[in-house]
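Just so it is clear: chains get the letters A, B, ... in the order the sequence lines come, proteins before strands, and each one is counted from 1.
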Amino acid sequence: MPDAKTKTPPKKPVGKPGEPVVVTQVNDKHQLCTARFSPCGKLLVGGGMTGEVFRWDAAAADDAFTPLPHYTGHGGWVGALEFATTGSRLFSGDSWGRLSAWDYASQESKPLWSIADAHAGWLRSLAVSSDGKTVATCGADRSVRLWDAASGKRIADLPGHAEDVFAVAFSPDGTTLASGDLLGGVKLWDVKTQKILRECDAKVLAKEDRLQNVGGVRLLRFMPDGKQLLVGGTQPKNGGNVQGTPTLLMFEVASGKQTKLLDLGTGQVYIHDLQFLSGGDWALVLSGNPGSGKFALHKPGEAKPYFETSKLSNCHGVSIHPGGRRMAVMAANPNSSGNGRVKSKDGSEEYPGNWSPLHILDLTA
Amino acid sequence: MKQSEQSPREHATVPAVPHSAFSTRHSPLCTPGEHRLSRRKLLGGAALAGAAAAGGSLGLGSLLAAAETGAIKKKHKQVLFVWIDGGMSQFESWDPKPNTQFGGPFRAIPTSVPGIQISELMPHSAKQMHHLSLVRGMCTKDNAHSSGVGRIQRGDPKNRGVVYPFFGSAVANFLGQGPSGLPPYVWIKPGSGGFIYQDAGFLGPKYGALAFGDGKPPENLLRSERVAPADDDLRNMLRRKANERFAAAHPAEPVEAMDFVYDTARELMKRGDLFDEANFSARDKERYGDTEFGRHMLLGRKMLEAGVTFVKVNSYGWDTHGDNFNGHANLLPKFDRAFASIVEDLAERGMLDDVLVICLSEFGRTPRINGHVGRDHFPEAWSLVTTGTGIRRGVTVGKTNELGTYVSGDEYDIGHLFHTWFAALGIDSKAVEYDNHGQPLPLAHDDCFPIKELLA
């Protein structure tokens, strides 16, 4: 083995112009629910499955992504994690119903505020208004709630969903909130009056299979111009070992009418995350059966990607670095599935767990 | 993984051997035939034993009969067997490990028994925990559905080249129809129905399951209005005469089996009311839940109340390799309502003293969470729940380690549970044997034994 002095630097990955290439991988230990770059680009955070918010230094020139002290105080899965685009606020929500706010620029690892029972049970998703003043949350208690971002005071409850609410999203101007549930119901709310403006029918993303309601609205994104709403999930075929076709629906916000149904192809099941690149293109991640899953780039409104890779298995999260040319894709480790007891590689009795590698990709110039 | 709802895997083709009997364990010097004991003899013996006990005297024959049947209690016992097909996750149900590496997103909640916690997805069952016993130390052998279903329901005995009966058939064989005269082994399930003789294995088709597909009675259950009752009786008499003539020249057992099934079907014809949902109270419908499983569990209770010996109720769709947590978040509350309601009802009616309740899957689910946010099959450390006659209540037996990856301490295979359940029904599985055409066969795995901590 070459010693440190003679070691040659790793080759810079090369890709076709405009295509992303993996430059490094972060996290070889923890299983995560979601991951996000901070708006300043100096921090990468991941919501863990044992109540932690993991943090990595994303500013170092050597792409070392050194782990930073993680935030504690959550329980279960930290599946909701979003930054305010202004200031230095990070908001996190967990499967035990807790909602917390953090000053990520501070050295303190204590939350600014934390509400243990923001929801009765699983807090599924949160969104932060573009002015950073309001946080919206939703959960398994079928409720949608608005919170004052500065104090954590509950501003409003938005009742109306009949089942678990999986996703919320603010329009770019912050005047409209979208919420989507397990049965494919999507509601558009006037944030100021807290009244329902209109509803969109995304029932194609839900199915009742014996005792199980399968699928539901797993993703909501307003297009950057605020005129269209993207609703993502799967068109489920069955419960249990869920199979289906990952699907994006587009609705006109002004009318609530569906304008497109994008079938994202076979071999996958769910679309889990979608972020906008600086030019408006979509970066999206899908997962499916063991060993499948992909990361893809799409032109807005097009079902067929102009780039995709299935080398990153079972992807669940994607975040765009504010620099515009870097992204983090949260995936699953290889061979993450299998029946029966898994033996540790070293032959010990330790039962090995899975982890969620964060693949850092740069767009090739 | 699996796709189908009910499926051939449940009943791999089994050669039916029309014979049924059991014997007490005997000296190796005796011939097995000397210990053969027919159901008729058994029931006769039980009657004699009862009469002798009442009269205070016993003749030699009666004493022998009593000795032979002493292993079986006199009061008619019943079984409710709830089968969660595909594999319920122990982490999301009976053995939660919140906030640990494999614990998943859900919390644990306290139950009516201090110190016992179960998943927050089952608040109704939590209130009934004082009636239930959790076995958290299950460690079984098979991680495939196709073979695992049969292995678990047959008790996974040692391989002796014969196909063992499912527990329902075994119980039907030992306990018979009881005073109701109804079919001894019924199976309420989604999908298709019919007579599932394969369950009976070497016991023979007589002890198969009568399956009520989608909870509906067999087609044409009720006597046609075009046939007057008197004509129906005449037709039946004619059938019996023809059968007697046929039986005189043929082996008796197939004819007995056919007669048995026909007679029980006639009894069932009298109870069409059991299937009429209009007879279900609004309160019961609400408590059990307006779901397929809720309706089937309510029908199960009706069957038990009517005196059916063994009632199996299936729920499908638990094979959550993908999206396990949303799956269980949806499945378990519906299971919970129905299961807790039937336990509560059986307890309130005093029926838990005579009804053995069993709820299990073919295995549990893996601690590790796969890339499809699912859990795979895991027979190595899982849980089941049981209660009722002969079973201690409000206890846990066996435990897993902090992460739920191994059983800590004693591991229990399904054979241990079979011995325990037979004991709970008053059948000494170490003393009684099956007699398969002269071949003595143990009731359950030779190397296993009843779990004393689980027995009342």
Are A:R210 and B:D85 close enough for a salt bridge, meaning some N to O gap below 4.0 Å?
no
Is it true that the side chains of B:H321 and A:N241 contain a donor and an acceptor less than 3.5 Å apart?
no
Interface moiety of A:W96 toward chain B, non-hydrogen atoms closer than 4.5 Å:
both
Could you give me the CA-CA distance, side-chain angles and deciding distance for B:N330 and A:L182, then say whether side chain to side chain contact (heavy atoms under 4.5 Å, CB included) is met?
CA-CA 10 Å; B:N330 227 267; A:L182 172 63; 3.0 Å; yes
Can you tell which part of B:Y406 gets under 4.5 Å to a heavy atom of chain A, answering side chain, backbone, both or neither?
both
Does B:G371 offer a backbone N or O that forms a donor-acceptor pair with the side chain of A:H316 under 3.5 Å?
yes
Does a side-chain heavy-atom distance below 4.5 Å link B:F363 with A:N339?
no
Leading residue by heavy atom contact count with chain B [cutoff under 4.5 Å; candidates A:L211, A:N314, A:D164]:
A:L211
Proximity breakdown for A:H74 and chain B, heavy-atom pairs closer than 4.5 Å:
backbone
Only pairs of heavy atoms separated by less than 4.5 Å count here; which of A:G79, A:A331, A:S337, A:A140 has the most with chain B?
A:S337
Is B:T100 in contact with chain A via its backbone, its side chain, both, or neither, using a 4.5 Å heavy-atom distance?
backbone
Hey, which of B:V373, B:L403, B:T291, B:T405 has the most heavy atom pairs under 4.5 Å with chain A?
B:T405
Under 4.5 Å heavy-atom distance to chain B, tell me which part of A:Q31 shows up: side chain, backbone, both or neither.
side chain
Taking A:H272, A:Q212, A:H30 one by one, which has the highest count of heavy-atom pairs under 4.5 Å against chain B?
A:Q212
B:P367 versus chain A, heavy atoms under 4.5 Å apart: side chain, backbone, both or neither?
both
Examine whether an atom of A:S313 lies under 4.5 Å from a heavy atom of chain B, and if so say whether it belongs to the side chain, the backbone or both; otherwise answer neither.
neither
The reported gap from CG in A:N354 to CD1 in B:I369 (rounded to nearest 0.5 angstrom) is 8.5 Å
Any idea which of A:A332, A:G76, A:S336 has the most non-hydrogen atom pairs under 4.5 angstrom with chain B?
A:S336
Ring centroids only, cut at 6.0 angstrom: are A:W122 and B:F325 within range, meaning strictly under it?
no
Quick one: do B:N401 and A:Y351 satisfy side chain to side chain contact (heavy atoms under 4.5 Å, CB included)? Show the steps, please.
CA-CA 11 Å; B:N401 63 357; A:Y351 179 91; over 6 Å; no
Which bit of A:V342 comes within less than 4.5 Å of chain B, counting heavy atoms only: side chain, backbone, both or neither?
side chain
Interface residue of largest heavy-atom contact number with chain A, from B:L331, B:N324, B:L332, B:T366, under 4.5 Å:
B:L331
For B:P98, is it the side chain, the backbone, both, or neither that has a heavy atom closer than 4.5 Å to a heavy atom of chain A?
both
Under 4.5 Å from any heavy atom of chain A, what part of B:F293 do you find: side chain, backbone, both or neither?
both
Option in B:G364, B:P105, B:P333, B:G322 with maximal non-hydrogen atom pairs under 4.5 Å from chain A:
B:P105
Which atoms of A:N335 come close to chain B, meaning under 4.5 Å heavy atom to heavy atom: side chain ones, backbone ones, both, or neither?
backbone
Pick one of side chain, backbone, both or neither for A:V214, based on which atoms fall under 4.5 Å of a heavy atom in chain B.
neither
Tell me whether B:K285 at atom NZ has more than 12 heavy atoms from other residues, nucleotides or ligands lying less than 6.0 Å away.
yes
Under 3.5 Å, is there a donor-acceptor pair between the side chain of B:D376 and the main chain of A:G338?
yes
Under 4.5 Å heavy-atom distance to chain B, tell me which part of A:N213 shows up: side chain, backbone, both or neither.
both
Would you give the length of the straight line joining atom CZ of A:R341 to atom CZ of B:R368, rounded to the nearest 0.5 angstrom?
12.5 Å
Who among A:G75, A:S287, A:G288 has the most heavy-atom pairs with chain B under 4.5 Å?
A:G288
Option in A:G353, A:G216, A:G239 with maximal non-hydrogen atom pairs under 4.5 Å from chain B
A:G353
